[in-house]
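Single-structure report; data block below.
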Amino acid sequence: MAVLPIVKYGDPILRTRTEHIADIQTVLPFIDDMFETMYEEAGMGLAANQVGLDMNFAVIDISHTEEDEGPRIVINPEILESTGHYDMEEGCLSIPEIRATIARPEKVHVRYQDEEGTTREEWFDGLLGRVIQHEVDHLNGVFYIDHLTPAKHALIDKRLVEIAETGAPTTGITL
Ligand code: NI
């Protein structure tokens with residue numbers, strides 16, 4: 001297994017809508033490395049394009065939090081419907097030192113395939129629902145900071161340039 005380098009804000013692959021996975025077998029060789037990378041970086045989710053793979057899948061593990069959920073692999077996830085709204089602070093391994101409170105739907109109905117190729121439809125809420133929405137965004141080329149108001153986004157513009165140029169901002173910020 002290997003810890004893979006995390007692709008940072010500014011790399012075009014993070015603005016790419018990732019390739020649909022037709023053959024589950026193509027995902028399997030990357031799964032262990034994806035989990036190892038996520039654990040090394042203390043992330044709760046990691047989308048394939050965050051390690052440079054143009055593939056529509058993500059790994060998620062929030063088992064270290066108070067929500068007792070085991071590790072998951074979500075392949076070709078799509079949000080079918082959603083309800084409610086709530087605020088939660090988010091961060092991203094591809095956007096270091098920045099955190100921001102974002103409003104998103106409270107519950108999402110997601111269709112995805114698991115690592116055995118079985119298609120599943122499940123409702124997610126709480127932290128797991130939040131992480132899944134963040135990862136589905138990544139897989140569609142979207143960052144959580146895209147949901148900020150223009151006024152708040154302006155507060156991190158300089159830092160984003162620094163991340164794109166050097167991999168990290170000079171100072172962190174929580175919005
Ligand atoms: Ni992220």
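FYI, side chains are in, hydrogens and waters are out, and symmetry mates aren't considered; it's all heavy atoms of this structure. The first residue of the sequence shown is numbered 1, and numbering continues consecutively from there.
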Value for CZ (Arg159) from CD1 (Ile145), rounded to nearest 0.5 Å, stands at 12.0 Å
Would you say Ile98 ends up clustered with Leu14 if hydrophobic residues are merged whenever their side chains have heavy atoms under 4.5 Å apart, either directly or through other cluster members?
yes
Here the ring pair (Phe, Tyr, Trp, His ring centres under 6.0 Å) pairs for residues 148-175, sequence neighbours left out, are none
One should read off an interatomic distance between Ile156 CD1 and Thr174 OG1, to the nearest 0.5 angstrom, of 11.0 Å
Residues Leu93 and Gly45: closest non-hydrogen pair is CD1-O, 4.5 Å
(request) Is it possible for you to say whether Val7 and Tyr39 belong to one hydrophobic cluster, with membership spreading through side-chain heavy-atom contacts below 4.5 Å? (result) no
On a heavy-atom basis, the closest approach of Gly129 and Phe124 is CA-CB, 3.6 Å
Glu89 meets the side-chain hydrogen bond (donor to acceptor under 3.5 Å, both in side chains) criterion, sequence neighbours left out, with Arg99
Item to complete: Please tell me if the side chains of Ile6 and Leu46 come closer than 4.5 Å, counting only heavy atoms from C-beta onward.
Response: yes
Residues pairing under side chain to side chain donor-acceptor pair (under 3.5 Å) where one sits in residues 5-15, two or more places apart or in two chains, turn out to be Arg15-Asp146
Cluster link Met38 to Ile75, ILVMFWY, side chain under 4.5 Å: yes
In the structure I gave you, are the side-chain heavy atoms of Leu148 and Ile102 within less than 4.5 Å of one another anywhere?
yes
Any sub-3.5 Å donor-acceptor pair from Asp137's side-chain atoms to Val142's backbone N or O? no
Do Pro96 and Ile163 come close enough that some side-chain heavy atom pair is under 4.5 Å? yes
Sequence neighbours excluded, the answer for salt bridge (charged side-chain N to carboxylate O under 4.0 Å, His left out) partners of Asp125 is none
Closest non-hydrogen contact found for Pro77 with Val110 is CB-CG1, 4.2 Å
When rounded to the nearest 0.5 Å, the distance separating CD of Glu36 from CD of Glu40 is 7.5 Å
To the nearest 0.5 Å, atom CD1 of Ile21 lies from atom OG1 of Thr26 at 5.5 Å
### Query
Under 4.5 Å between any side-chain heavy atoms of Val161 and Asp157, yes or no?
no
For Glu162, the salt bridge (charged side-chain N to carboxylate O under 4.0 Å, His left out) test, sequence neighbours excluded, returns none
Using a 4.5 Å side-chain heavy-atom cut-off and chaining through intermediate ILVMFWY residues, the residues clustered with Leu139 come out as none
Sorted by chain and residue number, the ring-ring contact (aromatic ring centres under 6.0 Å, His included) partners of Tyr144 (sequence neighbours excluded) come out as His134
CG of Leu128 to CD1 of Ile62, rounded to nearest 0.5 Å, is 4.5 Å
ask   = Are the side chains of Leu28 and Gln25 in touch, meaning some heavy atoms are under 4.5 Å apart?
value = yes
### Message
Between Thr16 and Thr18 (side chain of the first, backbone of the second, donor and acceptor by atom type, cut-off under 3.5 Å), is there such a pair?
### Response
no
Glu121 meets the salt bridge (charged side-chain N to carboxylate O under 4.0 Å, His left out) criterion, sequence neighbours left out, with Arg111
Note to self: Evaluate Glu135 against Arg72 for salt bridge (Lys or Arg N to Asp or Glu O under 4.0 Å), listing each step before the verdict.
What the structure shows: CA-CA 12 Å; Glu135 302 314 325; Arg72 285 170 182 268; over 6 Å; no
Quick one, Leu127 and Met88 - any side-chain contact, counting heavy atoms below 4.5 Å? yes
Residues passing the side-chain hydrogen bond (donor to acceptor under 3.5 Å, both in side chains) test with Thr118, sequence neighbours excluded, are none
Residues pairing under ring pair (Phe, Tyr, Trp, His ring centres under 6.0 Å) where one sits in residues 72-123, two or more places apart or in two chains, turn out to be His109-Trp123
Separation between CD (Gln113) and CD1 (Ile24), nearest 0.5 Å, reads 4.5 Å
Check your understanding: Are Val74 and Val131 co-members of a hydrophobic cluster defined by side-chain heavy atoms under 4.5 Å apart?
Key -> yes
When every non-hydrogen atom of Ser82 is compared with those of Val108, the smallest separation belongs to CB-CG1, 3.8 Å
Please list, one pair per line, the donor and acceptor atoms closer than 3.5 Å that link side chains of residues 48-58 to other protein atoms, with sequence neighbours excluded.
unit_1 : atom_1 : unit_2 : atom_2 : d
Asn49  : ND2    : Ile13  : O      : 3.3
Asn49  : ND2    : His138 : O      : 2.9
Gln50  : OE1    : Ala47  : N      : 3.0
Gln50  : NE2    : Ser94  : OG     : 3.0
Asp54  : OD1    : Glu19  : N      : 2.9

Residue set satisfying salt bridge (charged side-chain N to carboxylate O under 4.0 Å, His left out) with Glu41, at least two apart, ordered chain then number -> none
Next on the checklist: Would a single hydrophobic cluster contain both Leu160 and Leu155, if residues Ile, Leu, Val, Met, Phe, Trp and Tyr are joined by side-chain heavy-atom contacts under 4.5 Å?
Outcome noted: yes
Check: Glu90 and Arg130 side chains under 4.5 Å, non-hydrogen atoms: yes
